[in-house]
Amino acid sequence: MIKHISVLPGDGIGPEVTNEACRLLETVGAEFGHTFSFTFAHIGGAAIDAAGTPLPEETIAACRASDAVLLGAVGAPQYDRGPASGRPEAGLLGLRKALGVFANLRPITVFPALAKASPLKDEILKNVDFLIVRELTGGLYFGTPRERIETPEGLEVIDTLRYTEHEIERIIRLGYETARTRGRRLTSVDKANVLESSRVWRETVQRLQAEYPDVELNHLLVDNAAMQIVKNPGQFDVMVTENLFGDILSDEGAMITGSIGMLPSASLGNGGPGVYEPVHGSAPDIAGKGVANPLATFLSVALMLRQSLGMAAEADAVERAVNHVLTDGLRTADIADIGQSALGTAEMGDAVRDRLRAAAVKQ
Ligand code: IPM
Ligand code: MG
């Protein structure tokens with residue numbers, strides 16, 4: 001099979017981890033008889049440097065013409081000032097909107113070998129395997145007006161939390177559908193005791209429940225959800241929530257696994273190319289040093305293989321290879337024990353590819 005992948009390395013450690021991911025895909029191709037073609041395009045601060053805008057038209061066109069999009073990270077401290085529309089993050093948000101990827105899936109699983117890297121106690125880590133389904137193209141991230149108003153009494157600022165019923169319904173439906181493919185338990189997270197948008201959210205969840213009688217439903221207020229994620233994360237199967245809540249809760253969920261360097265994500269819409277990216281962001285403090293953990297990007301590649309490219313066996317092989325390096329005790333700096341020597345980005349990439357090849361030979 002030939003598959004076309006748009007690669008958007010972006011900023012910070014993005015180029016390092018996506019480079020390793022492309023090499024990993026080449027190994028998958030060699031072992032399983034596929035060809036992956038890569039089209040590289042700019043996004044974020046890298047795009048501002050190259051083209052004067054965080055999301056050039058060519059980038060959108062390349063993504064639309066591909067089977068899937070692999071994204072590194074956006075965000076660079078030198079662009080932290082100035083209007084929001086000129087920031088690197090505007091490139092990522094614009095891409096999500098342009099491709100209509102309204103659903104962001106962030107699986108939270110614990111690799112047993114990494115249990116020590118988690119700040120949570122062993123007994124709390126038992127049975128942790130849940131999926132956050134985050135709404136990705138609405139809410140506070142996109143609502144208007146969004147402005148600063150100078151008043152005689154001082155500055156007034158406005159952000160707008162706006163959702164249509166259609167946007168709410170399609171993500172909740174996806175939550176229910178996804179729960180059906182897993183443990184049939186759905187937790188809907190909102191702030192219905194305060195926000196009108198959350199009240200419509202909860203009404204929608206309740207209305208749709210009639211169509212999914214086989215899915216056990218539970219509502220949590222977002223503050224309680226934040227607490228439950230560290231208190232008893234094993235209780236969750238699928239958690240569905242709006243954009244900002246999902247942003248915050250998924251970073252919290254990531255820490256269960258020990259490092260945000262382990263968390264992959266898939267952003268999907270209605271049939272167009274999905275966007276696959278590690279959750280960790282650009283990490284400017286370690287950029288260019290060759291020490292970043294590529295595993296979240298590798299696990300994002302596994303999601304891409306499974307969700308967008310119809311290659312489930314290949315996805316399993318990548319996940320097994322990642323698990324294998326961890327059980328062999330190999331670590332990058334972010335997940336190493338104190339005093340343990342750590343591999344660099346490329347060495348970790350080599351180690352995963354070795355395990356992948358060895359496993360393929362055995363089969
Ligand atoms: C994420 C990131 C982005 C978001 C930023 C970089 C705009 O934190 O993907 O979670 O807030 O969605
Ligand atoms: Mg985030």
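Note: hydrogens, waters and symmetry copies are ignored here, and every other heavy atom, side chains too, is used. When a ligand or atom number is given, it counts from 1 through the structure's own listing order.
Put simply, the side chain of Asp11 never gets that close to the backbone of Val74: no donor and acceptor are under 3.5 Å apart. Under a 3.5 Å cut-off, the side chain of Thr241 and the backbone N or O of Val189 do form a donor-acceptor pair. Counting only distance, with no hydrogens or angles, the side chain of Arg320 and the backbone of Leu356 share no donor-acceptor pair below 3.5 Å. The backbone N or O of Glu277 lies less than 3.5 Å from a partner atom in the side chain of Ser300, making a donor-acceptor pair.
The protein heavy-atom contact nearest to atom 1 (C) of ligand 1 is Arg106 NH2, 3.3 Å. Scanning all protein heavy atoms for the shortest distance to atom 11 (O) of ligand 1 gives Tyr141 OH, 2.6 Å. Among protein heavy atoms, atom 8 (O) of ligand 1 sits closest to Asp247 OD1, 3.2 Å. The shortest contact between atom 7 (C) of ligand 1 and any protein heavy atom is with Glu89 CG, 3.8 Å.
Going from atom CD1 of Ile149 over to atom CD of Glu156 covers 4.5 Å, rounded to the nearest 0.5 Å.
Residues Tyr276 and Gln307 have side chains that never bring a donor and an acceptor to within less than 3.5 angstrom of each other.
Residue contact check: Arg96 has heavy atoms under 4.0 Å from atoms 1 (C), 4 (C), 9 (O), 12 (O) of ligand 1. Under a 4.0 Å criterion applied to the non-hydrogen atoms of Arg134, ligand 1 contributes the atoms 1 (C), 4 (C), 9 (O), 10 (O), 11 (O), 12 (O).
The atom of Asp247 nearest to the Mg ion (ligand 2) is OD1, with the search restricted to N, O or S atoms.
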